[in-house]
Amino acid sequence: MSKVMVPIDGSECALRALNHVIRNAQRFQPLTLHLLNVQFPIATGTVRLFIDQATIRQYHQEEGEAMLARARELLSSADVPYETHIKVGRIAETIVASAKELGCDEIVMGSRGSSSTAGHWLGSVATKTLHLASVPVTIIK
């Protein structure tokens, strides 16, 4: 059984990574697919003075669901079962920790995300994930 994690940030590159898994589903069979959206923490000391924790959690959940919407549509159309996860934290570290926690055999991700601070050839999150992960990481261009 293959457990594959696909981080989804709403970018076209992330959706290409997901399409790669869908097109190559036979290679992964039997497949357990985990979609992960990582929200950047916004609860600094100043924010906590004005916004309660429940509101921040709701914001992260709503943003995560919005980022996962197109991926859900693709998977429903392809009739591929999946589980979704929305977490808050440092992105690459959270991807790697979640893959370990879920027992994933591989991470398949886009080469660039939606961040405007991505590296020139390979996004900074993808690069950091490659360095931190103890499982294979497939980068899709």
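Residue numbers start at 1 and run along the sequence shown. Here the structure is a predicted model, which is why all the values come from computation and not from measurement.
- Here salt bridge (charged side-chain N to carboxylate O under 4.0 Å, His left out) pairs that include residues 13-41, with residues two or more places apart or in two chains, are R27-E106.
- Distance check: L132 CG to E93 CD gives 5.5 Å after rounding to the nearest 0.5 Å.
- Looking at H60, its side chain never comes within 3.5 Å of a backbone N or O of T55 through a donor-acceptor pair.
- Atom CD1 of I22 and atom CG of D79 lie 11.0 Å apart (nearest 0.5 Å).
- With a 4.5 Å cut-off on side-chain heavy atoms, V125 and I95 count as touching.
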Subject >> Verdict with supporting geometry, E101 and H34, side chain to side chain contact (heavy atoms under 4.5 Å, CB included) >> reply: CA-CA 12 Å; E101 174 187 315; H34 294 278; over 6 Å; no
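- The hydrophobic clustering, which links ILVMFWY residues whose side-chain heavy atoms are closer than 4.5 Å, places L18 and L68 together.
- Of all heavy-atom pairs between P81 and L33, the closest is O-CB, 3.8 Å.
- Side-chain contact between I139 and M109 is present, with at least one heavy-atom pair separated by less than 4.5 Å.
- Contact between G110 and A126 at its shortest, heavy atoms only, is O-CB, 4.0 Å.
- By the 4.5 Å heavy-atom criterion applied to side chains, E65 and N37 are not counted as neighbours.
- In this structure, CG in D52 is found 8.0 Å from CZ in R57, a value given to the nearest 0.5 Å.
- Contact check for Q29 versus Q26: side-chain heavy atoms found under the 4.5 Å cut-off.
- Sorted by first then second residue, the salt bridge (charged side-chain N to carboxylate O under 4.0 Å, His left out) pairs that include residues 132-141, not counting sequence neighbours, number zero.
- L35 contributes atom CG, which lies 5.5 Å from atom CG of L75 (distance to the nearest 0.5 angstrom).
- Aromatic ring pairs are classed by plane angle as parallel below 30°, tilted from 30° to 60° and perpendicular above 60°; the pair F28 and H20 is perpendicular.
- In this structure, the side chains of V88 and I56 stay at 4.5 Å or more apart for every pair of heavy atoms.
- Here the closest heavy-atom approach between residue K3 and residue G103 is recorded as CD-O, 3.4 Å.
- Using a cut-off of 4.0 Å between Lys/Arg side-chain N and Asp/Glu carboxylate O, E12 and R70 are scored as salt-bridged.
- Counting heavy atoms from C-beta outward, H85 and S98 have side chains that stay 4.5 Å or more apart.
- Transitive grouping of hydrophobic side chains (ILVMFWY, heavy atoms separated by less than 4.5 Å) keeps L15 and M67 in distinct clusters.
- By the neighbour-count criterion of 12 heavy atoms within 6.0 Å, atom CZ of R72 is densely surrounded, having more than that number from other residues, nucleotides or ligands.
- The minimum heavy-atom distance between A92 and T129, with the atom names listed, is CB-OG1, 3.6 Å.
- Once rounded to the nearest 0.5 Å, the distance linking CD1 of I86 with CD of E62 reads 10.0 Å.
- Nearest heavy-atom pair across V38 and I91 is CG1-CA, 3.8 Å.
- Side-chain contact between D105 and V135 is absent, with no heavy-atom pair separated by less than 4.5 Å.
- In the hydrophobic clustering of ILVMFWY residues, with side-chain heavy atoms under 4.5 Å counting as a link, V80 and M5 come out apart.
- Note: N19 CG to I140 CD1 = 10.0 Å, rounded to the nearest 0.5 Å.
- By the 4.5 Å heavy-atom criterion applied to side chains, I51 and Y59 are not counted as neighbours.
- The two residues I8 and A14 make their nearest non-hydrogen contact at CD1-O, 4.0 Å.
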